[in-house]
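No experiment lies behind these values; they were computed from the predicted model shown. Hydrogens, waters and symmetry mates are skipped; everything else that's a heavy atom, side chains included, is used.
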Protein chains: 4
Amino acid sequence: MVEIVRNSETDPCEDLLDGLRRGRPAAGQDPVKRSQIIDGARRVFIEKGFEAASMNDITREAGVSKGTIYVYFANKEELFEALIEEERGTIFKNMYDMLDRADDLRQTLVKFGKVLSMKITSARVIQAQRTVIGASDRIPDMGARFYERGPKRGHDKVVTFLNAAIERGLLEIDDVDLAAYQFTELCLAGLFRQCIFAYRTKAPTQDEIDHIVRSGVNMFLKAYGTERLAEEESHEMIAIEAKS
Amino acid sequence: MVEIVRNSETDPCEDLLDGLRRGRPAAGQDPVKRSQIIDGARRVFIEKGFEAASMNDITREAGVSKGTIYVYFANKEELFEALIEEERGTIFKNMYDMLDRADDLRQTLVKFGKVLSMKITSARVIQAQRTVIGASDRIPDMGARFYERGPKRGHDKVVTFLNAAIERGLLEIDDVDLAAYQFTELCLAGLFRQCIFAYRTKAPTQDEIDHIVRSGVNMFLKAYGTERLAEEESHEMIAIEAKS
Amino acid sequence: MVEIVRNSETDPCEDLLDGLRRGRPAAGQDPVKRSQIIDGARRVFIEKGFEAASMNDITREAGVSKGTIYVYFANKEELFEALIEEERGTIFKNMYDMLDRADDLRQTLVKFGKVLSMKITSARVIQAQRTVIGASDRIPDMGARFYERGPKRGHDKVVTFLNAAIERGLLEIDDVDLAAYQFTELCLAGLFRQCIFAYRTKAPTQDEIDHIVRSGVNMFLKAYGTERLAEEESHEMIAIEAKS
Amino acid sequence: MVEIVRNSETDPCEDLLDGLRRGRPAAGQDPVKRSQIIDGARRVFIEKGFEAASMNDITREAGVSKGTIYVYFANKEELFEALIEEERGTIFKNMYDMLDRADDLRQTLVKFGKVLSMKITSARVIQAQRTVIGASDRIPDMGARFYERGPKRGHDKVVTFLNAAIERGLLEIDDVDLAAYQFTELCLAGLFRQCIFAYRTKAPTQDEIDHIVRSGVNMFLKAYGTERLAEEESHEMIAIEAKS
DNA sequence: TATGAATGAGAATTCATTCAT
DNA sequence: GATGAATGAATTCTCATTCAT
């Protein structure tokens, strides 16, 4: 609005103004500020849920002004969606790495099952899932998008993994897709619904998870394991025994 | 309280007394009106979730005045809780009847599994569960109460059923509690989370459920079934073949 | 609506109906019920003030139905006015009797002053006055009417009394009207405002009132008493001394 | 706090810094807006009383939005209390200044009595007192607080003043506290209750007050004045006569 | 005539969003 | 570009009054 022509050499305000101007990203483009907002939003949304979280709370928590938030996110819903997107990324990041190594089948399943079960039932992730579920009435497709890009992708990786094991002759599975679901469910047996309904107020212990996953993997392999698997496992047993 | 036996044909006081007795139900006591309110509330809460549902919406949907709602329910939360309580009753009513009949084990498991899976994943029940989960931030213990009086009780019945089968020598189970969870999860394999996150927008088909439950029961029996079970099943097979 | 033809000789409902019908006053005419309503209203209005008192409270307290109240009183305000009218009657009833007896002047003033002071500062009367004052924004003229028919009438009686004393040569007063006010104020010195603003939460004690009234009467007689009064008083002193 | 002396003619940073320094006052900190709200509130509360005044009315009258009011005052009660506090300050400000000058006693009492009587019975102050009294049912201690910080403090100043006069040998008073109340009441004789009950709809005239106060002071001095006072007053009379 | 369930306008308060600074 | 004070629509809940029974 006001065009100020100044001689930058002599202007005593130079430094100050420069600092403000230099390298300032375009509106809504500064990734640091964006993170700052999302971090504040996370704390508030996760604690209070979508509706009960107020933009003022987020403002305070994020340490930015309300106006700024509205530069980065069109409204509360968009902010929430962005947060969930990020959260999803964090949750499922690395969760399936284990499946890439072609290790001993049983052990891989157990290890992966534990990671999966622990992540999905961790306080933070449960809270996030609850918030997504609660908000999906308001923001249609939000839950679907979350599932598709999170659990669904994971599921696909499990399918791939199982197919590889089938290829190796270790498993014999009629409906691989279903088997993948079965495996996941067995690893979470009793836990997911208890956590999501807040019947359990604390995440399951390591021991609980160990017990559940081990039992689930047994069941799974009893159902789908081949002769070959049995042999391999006995070899390994021997190997392990030999080691000890 | 007072049982009055009257010959309604001849009693000229009939109308007067009748008026006093039947009359209008006491404030907040008319079950018809109560139902009317709850029905309206159900439609609104289920559609919008707890927070987004406004008492005005419910007023409109229920066709009663705002004041009347507040005669029947102290506030929005109590109305919601009453609705959820009712819903829970409806959902889990009769769901476990199948387990009371000591029928052929595999068939019972299959039948029960189908009912369970169908109920839990029906559009209405999923919506209700979503609403409960979403409201738990606001109304602590609401989710826990729902789980405890619903799924938890059902789980206990499954445990009892499995114990009976163990008694009969049909199953051999190390951790019955876990096994009960496993069974339930297998019947819902892949379905529950897909539904609750609205990834699936429609309830699974009968065929899908059949396939999943059958596969789950197979897995379960492969893991926990005894020799004796196998024998019994083959007898039954023969019986069934004889029939056809 | 329904015309019921009955043979009153043989009708077993006769007594019951008769009891209901016999001597029933016209709508809104039964003085007993009216009292019952006003009594309930008094308790509620005095305790909560005009606005905070709800018709439901009054209904409960009075033990009559809401409809009935509206038969006797057109609305909340009218009920309140009727109550105040009655209350006023009770408060000022007999308060000025003392002034009718032509007794010893000083003693009469002291006795009357005590009664006046005690009544006006009693918890109930203060509460009533507060309620009237608070409601006068809502109901114009209500306070004026209360004052006119209560304190004002009392004031007139004091004026009459003082005039009689002047006649008897006991007082010499320039402005009798003002003197009457002065007397009243002196008897309440410091009390009225303290009570009405709830700075004092309890009514003054008998001793306090004695002290204040005695001091006020002294002041009053020093200002307006004649030689003749002094003589009469000394006579009386002698009489009293003789008695003892 | 920090006094910055700058030559605004030449400083190119002027606009920027100015904007930062003056800027907009912090939320709920702008005294102008606060006054605006209180002024609107005063009009509404005084006219309608606490309960009958709606926040919407105040919003309209003050010309600010509802939200803004709630930034400055937590709720209706706090707004009302702030208003009363301010009003109290205004009312009693300077009222007792007269007592600080050690002037001729009778004249000082008359002058002070007039100011007191005029203030307390002015339309605005009566309205304020009525509002406080009416609200005390809702906000306990509000009336007490008003009395304590207003009339009570004034009373204390009168006591101090009387004690000084006693010291000077001009008055002889048994119970100074009571005497102070008596003096105040005499100055308001007949007025306060008439005004507070709205029996009088207009404030008393100057002449009325003159008459009442003069009479009251006479009475007071007849009761408590010493020989010495009489002498001084006659001296003064002479002085005054000499002047004329 | 008496009843009290039902009504619905209106209360206080909150909070996502805007826009002047 | 950033700020945060101001906005006012929308929320939950109350209660004087009505009117079918």
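At least one side-chain heavy atom of B:E78 sits under 4.5 Å from a side-chain heavy atom of B:N75. Residues B:F80 and B:E85 are not in side-chain contact: their nearest non-hydrogen atoms beyond the backbone lie 4.5 Å or more apart.
We find that CG of D:D57 is positioned 7 Å from P of E:dA11, with the value rounded to whole Å. Separating the CD1 atom of A:I69 from the P atom of F:dG1 is a distance of 17 Å, rounded to the nearest angstrom. Whole-Å rounding puts the A:R60 CZ to F:dA5 P distance at 12 Å. The NZ atom of D:K33 sits 11 Å away from the P atom of E:dT21 (whole-angstrom rounding). As rounded to whole Å, 11 Å separates atom P of E:dT7 from atom CG of B:D30. Per the geometry, NZ belonging to C:K48 stands 12 Å off C1' belonging to F:dC15, to the nearest Å. Distance CD1 (B:I37) to C1' (F:dC13): 15 Å, rounded to an integer number of Å.
Direction of the helix axis in the helix from E:dA2-F:dT21 to E:dT21-F:dA2 shifts by 10° between the two five-pair termini, rounded to 10°.
The closest donor-acceptor contact from the side chain of C:K76 to the backbone of C:A53 lies under 3.5 Å. Of the possible polar contacts, none joining the A:R42 side chain to the A:L83 backbone as a donor-acceptor pair under 3.5 Å is found. C:D39 places no side-chain N or O within 3.5 Å of a backbone atom of C:Q36 that could act as its donor or acceptor partner.
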B/S/- along nucleotides 12-18 of chain E (protein heavy atoms under 4.0 Å) is SBBBSBB
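For the pair B:G63 and C:G63, both in contact range of DNA chain E, the more 5′-proximal nearest nucleotide belongs to C:G63.
Both tests do not hold together for C:K33 against C:Y72: distance to the six-membered ring centre under 6.0 Å, angle to the ring axis within 45°.
The pair B:E51-A:R138 fails the salt-bridge criterion, with no side-chain N (NZ, NE, NH1 or NH2) lying under 4.0 Å from an Asp/Glu carboxylate O.
With sequence neighbours left out, the side-chain hydrogen bond (donor to acceptor under 3.5 Å, both in side chains) criterion links D:T68 to D:S65.
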